[in-house]
Amino acid sequence: MQETYPLFLTPTPASQEDKIIDAAFRELLNCYVESNHRKKVEIIERAFRFAKEAHKGARRRSGEPYILHPIAVARIVVEELGLGSTSICAALLHDVVEDTDYTHEDIKTAFGAKIADIVEGVTKISGGIFGAQSSIQAENFRKLLLSMSTDIRVILVKMADRLHNMRTLGSMRPEKQYKIAGETLYVYAPLAHRLGLSKIKYELEDLAFKYEHPQKYREIIEKVNETEEHRLAITEEFVAPIKQMLDNAGFKYEIKARVKSAYSIYNKMETKKIPFEEIYDVYAVRVIFENEDEALEKIRCWQIYTFFTEKYKIHPERLRDWISIPKANGYRALHLTAMGPEGKWIEVQIRSRKMDEIAELGYAAHWKYKDGVNEDETELDTWMNTIKDILAHPEPNAMDFLDTIKLNLFSSEIYVFTPKGDLLTLPTGATVLDMAFAIHSQLGLECMAGKISHKLVPRSHVLQSGDQVEIITSKSQSPTPEWMDFCHTAKAKNRIRTYLKKAETADKLSPEELDKIQTPSGSQEEKRSLVKKLLLYPFKSKKKKGDHRARVAIDRKKVFTLYPDDKEPNYHIESCCSPLPGDDVLGFVNEDEEVVLHKVNCPIAMRLKSIYGSRLVVTHWGGSSSTFEAAVEVDGIDRMGILDELIDLVSKKFEINIRSLNISTSKEVFHCDMTFCVDNADTVNNLCESLLHIKGVKFAKRIS
């Protein structure tokens, strides 16, 4: 049995580094002692000494002693996730088995099976979810999900590990930064969302955004900071009468002013093609009230809601009641949007203290509220059952597997009912076919149509919240490849894909083998085509006829300079996002050692950088060209001569050759689409700025 000593009764080492390490651990212990958990300081001290000795001499890329990383992870575990001694010990030890000679059995002997099992679960998924061998790493992702189903603390510790790695990402090489940031956006932020870890989700997104689009990140942060004083003045004026009402009603509460995250602002600007100034829900407040009586929690939320309705006009389409029907990740709150000072729409979130902690900590908050099974735990069980169901029918291709899981991570929900009144939660965009598979796999395979409000609808019909749906089936029909286009949920896609692949396999069997197997009917040629599409390999080069240039290995550790020569550029551009010189782009090295370019935020690029990180190369534009095609859309108030002014600006002032132009009008407004050849992204941005100065033009945005 290992002998133990109280940590701070032993002599403090003289070296400055040891003083820094001990100070960091002392801060961790202080956070733990101040928490509501039972004080098991001795086992935490043992875990620290064990990890410190195991990592002795090891350093992070930043040069600091490695042990500071597990200490920081453990501090996130207790301070930001609210977990106790078991998770703290697992966090301190989470890299010991992978990076040192100690084994799972050593951890189990010293600290017990529970801590050892969490460490083992984190070890299986360490080093990134995806690496050079994507099929092996996809298996690691399966292990992560299986570990979650056994003990949710595995992913909570891993989430803390990823958060600290993102906070210290500046010490990594650029191509590693992009890989880790991409993986974070693609996998860990959605996982944090599904687990209800909203605070961590927003920070992970912002940190990833900071490294993927540093210039855009700085611009948004600057604008947020510039408007902070004015924004706080507006929200303070907005909440002043509400505070008076809350005080008069005897509420104990706090009101927080909140600003949207930089990544959320960027996403809305990109999606809606609007400038920062037009994002109305940058303004937001949160009302958090103390509540000792669970039975009155919902009533008090609605009472506070009436305070806002008495004072302000409420946006009729922005009320969200997450109290009656919580989100699938356990989130509960009442949302409204009210018209505040200066005509600013202000989003309001009303929560009890318990709701707020669950909103911030998600399922991690269950360790604080262990007062029996509650609805949040039921939601977690439901989600984990879905994950187990997908794992029981594994997808062999790494990208397909991750996409299948991702469908169940990051989607908003709708609520539909069966004919008997049972409630089902489905992602927004779900169809009749999705609902059939959600009820039972066989029901999905035999789904022919649906019936809503006595009206027959096709299996592809998109459902709305509140629909009561009856599934119409037929045993004489079976899935076809087209069904993949009719579903939106991971379970439905996975079941159909599995069915089609089994059908294709059956086509290759001998008559004797077929006699022993129940096989479906269908076009085998269509099924082969679908499988080829699903197993698409993204790095096949598009070789030109007669191109026999020798392959030269690309150094992934160096910045690759892009030369957009008109005749023979040193890269390939993918048509999915059509980047221009000056755009934030990532390079992927294909099998012929050629650099293929995607915009950083291209959906395909997001998948590739998560899965094929070893093929990533950081790029830098070394020039420009006049052969890049770009498209711009312009909207405004129609008037005589406006088309002439548009053409004159593009052709004469900017000397840009217009390739196509299409303009349409509807009563007082017009819409115009233009394509032309340009040299770089700045030219397009400057053109759009100039177009906005034409009288009547309200919007001018690049669309490709």
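Everything numeric in this text was worked out from a predicted model, so none of it was measured.
Taking the six-membered ring for Trp and the full ring otherwise, the centers of H620 and F560 sit at least 6.0 Å from each other.
A donor atom on one side chain and an acceptor atom on the other are not found under 3.5 Å apart for H55 and D99. Side-chain N/O atoms of S264 and N267 include no donor and acceptor closer than 3.5 Å. A donor atom on one side chain and an acceptor atom on the other are not found under 3.5 Å apart for N590 and H572. Using modelled atom types, one finds no donor on one side chain facing an acceptor on the other under 3.5 Å when comparing R173 with Y178.
Side-chain contact between I350 and H335 is absent, with no heavy atoms from C-beta onward closer than 4.5 Å.
A salt bridge does not link R231 to E226: none of the charged side-chain nitrogens sits closer than 4.0 Å to a carboxylate oxygen. A salt bridge does not link E80 to R75: none of the charged side-chain nitrogens sits closer than 4.0 Å to a carboxylate oxygen. Using a 4.0 Å cut-off between charged nitrogen and carboxylate oxygen, K179 and E183 count as a salt-bridge pair. Between D635 and K701 there is no salt bridge, since no side-chain N of the basic residue sits under 4.0 Å from a carboxylate O of the acidic one. Here D206 does not pair with K260 in a salt bridge; the nearest charged N to carboxylate O distance is not below 4.0 Å. For the pair K344 and E342, the salt-bridge criterion is not met [side-chain N within less than 4.0 Å of a carboxylate O]. Between E203 and R167 there is a salt bridge, with a side-chain nitrogen of the basic residue lying less than 4.0 Å from a carboxylate oxygen of the acidic one.
Listed for the N570 side chain is a donor-acceptor partner under 3.5 Å among the backbone atoms of Y563. Judged by distance alone, with hydrogens and angles left aside, the side-chain atoms of Q177 form a donor-acceptor pair with the main-chain N or O of L169 at under 3.5 Å. Looking only at distances, a side-chain donor or acceptor of H94 sits under 3.5 Å from a matching main-chain atom of A91. Side-chain atoms of T675 never come within 3.5 Å of backbone atoms of A631 as a donor-acceptor pair (strictly under, hydrogens ignored). Of the possible donor and acceptor atoms, none in the side chain of D583 sits under 3.5 Å from a partner among the backbone N and O of P579.
Between Y263 and Y266, the ring-plane angle classifies as tilted under the 30° and 60° cut-offs. Ring planes of W345 and H315: tilted class, angle from 30 to 60°.
Among the candidates R353, R286, K201, the single residue satisfying the salt bridge (Lys or Arg N to Asp or Glu O under 4.0 Å) test with E360 is R286. Of the residues N685, D679, N686, the one that meets the side chain to side chain donor-acceptor pair (under 3.5 Å) test with T683 is D679.
In Q215, the CD atom is crowded: over 12 heavy atoms of neighbouring residues, nucleotides or ligands sit closer than 6.0 Å. Surrounding NZ of K176 are at most 12 heavy atoms belonging to other residues, nucleotides or ligands under 6.0 Å away.
By the ring-ring contact (aromatic ring centres under 6.0 Å, His included) test, F238 pairs with F308, Y312, sequence neighbours left out.
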Inset, instruction - For side-chain contact (heavy atoms from CB on, under 4.5 Å), just list the numbers for V596 and Y571, CA-CA rounded to whole Å, side-chain angles, deciding distance to a tenth of an Å, and then say yes or no. - result: CA-CA 6 Å; V596 181; Y571 55 83; over 6 Å; no
Legend entry - Verdict with reasoning, R60 to S171, per side-chain hydrogen bond (donor to acceptor under 3.5 Å, both in side chains): CA-CA 9 Å; R60 302 195 81 202; S171 61; 5.9 Å; no
Legend entry - Pair Y66-D95, side-chain hydrogen bond (donor to acceptor under 3.5 Å, both in side chains): steps then yes or no: CA-CA 10 Å; Y66 193 87; D95 279 333; 2.4 Å; yes
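Closest heavy-atom contact between V154 and G121: CG1-C, 3.6 Å.
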